[in-house]
Amino acid sequence: MRRSILKAGLLGALAAAASLPAAAAGLETFRGKARPVVVFAPAPDAPQAMDQLKRLRADREGLESRDMPVFVVGRKRVTTLAGGSAPATLDASSLREAYGVGDDAFAVVLVGKDGGEKLRSSEPLGVGRLFEVVDEMPMRRREMR
């Protein structure tokens with residue numbers, strides 16, 4: 001009995017820790033509602049960033065159907081895939097700190113509806129790979145039924 005209580009407590013702590021970056025970075029408002037894709041770019045015209053955004057723009061419908069808003073984190077500001085302003089809760093330096101991505105680094109991070117990091121890459125990802133990861137998630141499988 002005591003072991004199962006300790007095990008349950010440990011699992012709860014691990015689940016809470018997995019969503020700490022999301023909460024610390026202002027992504028908590030998306031918890032239970034969306035699966036944010038966060039693209040960290042050292043500059044708007046960085047080749048990797050331009051490649052990643054082109055890939056994402058190619059299937060906006062797929063992103064939307066999977067509740068996957070895209071946020072582009074520059075050195076000082078956060079924008080949407082369309083180039084508009086991101087929600088005020090999203091701060092570039094907080095996102096970079098929470099996810100451990102330096103100002104000069106490129107990274108793509110997929111955050112689940114539970115707030116946990118589901119996929120990270122230092123290279124541009126195809127939307128097929130992102131959709132594959134999302135479509136394997138239990139919550140997404142329930143959504144598709």
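Bear in mind the structure is a predicted one, so any value in this text is a computation, not a measurement.
- Atom CG of residue L27 and atom OG of residue S94 lie 10.0 Å apart, to the nearest 0.5 angstrom.
- For the residue pair P36 and F30, the shortest heavy atom distance occurs at CG-CB, 3.9 Å.
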Derivation of the side-chain contact (heavy atoms from CB on, under 4.5 Å) call for R66 and D135: CA-CA 8 Å; R66 290 169 177 83; D135 291 346; 3.0 Å; yes
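- Atom-to-atom distance recorded for M68:CE and R35:CZ is 8.0 Å, nearest 0.5 angstrom.
- For F106, there are no ring-ring contact (aromatic ring centres under 6.0 Å, His included) partners two or more places apart in sequence or in a different chain.
- A distance of 6.5 Å separates OH of Y99 from CD of E117, quoted to the nearest 0.5 Å.
- Between R31 and D114 there is no salt bridge, since none of the side-chain N atoms of the basic residue sits less than 4.0 Å from a carboxylate O of the acidic one.
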Step by step, work out the side-chain contact (heavy atoms from CB on, under 4.5 Å) result for V101 and V73. CA-CA 10 Å; V101 179; V73 181; over 6 Å; no
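- The two residues A49 and A43 make their nearest non-hydrogen contact at CB-O, 4.1 Å.
- The CG atom of D51 lies 9.0 Å from the CG atom of L53; values are rounded to the nearest 0.5 Å.
- If you run side-chain contact (heavy atoms from CB on, under 4.5 Å) between V37 and each of V108, V109, V134, only V108 comes through.
- A salt bridge does not link D91 with R77: none of the charged nitrogens is closer than 4.0 Å to a carboxylate oxygen.
- Surrounding CD of E97 are at most 12 heavy atoms belonging to other residues, nucleotides or ligands under 6.0 Å away.
- Here L90 contributes atom CG and S85 contributes atom OG; the two are 11.0 Å apart, rounded to the nearest 0.5 Å.
- Between K33 and D67, none of the side-chain N atoms (NZ, or NE/NH1/NH2) sits under 4.0 Å from a carboxylate O, so this pair counts as no salt bridge.
- In plain terms, the two heavy atoms of Q48 and S122 that are nearest each other are NE2-O, 3.4 Å.
- Considering all non-hydrogen atoms of both residues, L63 and L56 come closest at CD1-O, 3.4 Å.
- At least one donor-acceptor pair under 3.5 Å links the side chain of R96 to the backbone N or O of G74.
- Ring pair F71/F40: centre-to-centre distance not below 6.0 Å.
- For the pair A92 and R75, the tightest heavy-atom approach, listed with the atom from each and the gap, is CB-O, 4.0 Å.
- With R57 contributing its side chain and L81 its backbone, the two residues share a donor-acceptor pair below 3.5 Å.
- Listed by chain and residue number, nothing satisfies the side-chain contact (heavy atoms from CB on, under 4.5 Å) test with P44 (two or more places apart in sequence, or in another chain).
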L125 and L110: CA distance, side-chain angles, deciding distance, side-chain contact (heavy atoms from CB on, under 4.5 Å) verdict: CA-CA 11 Å; L125 291 170; L110 171 62; over 6 Å; no
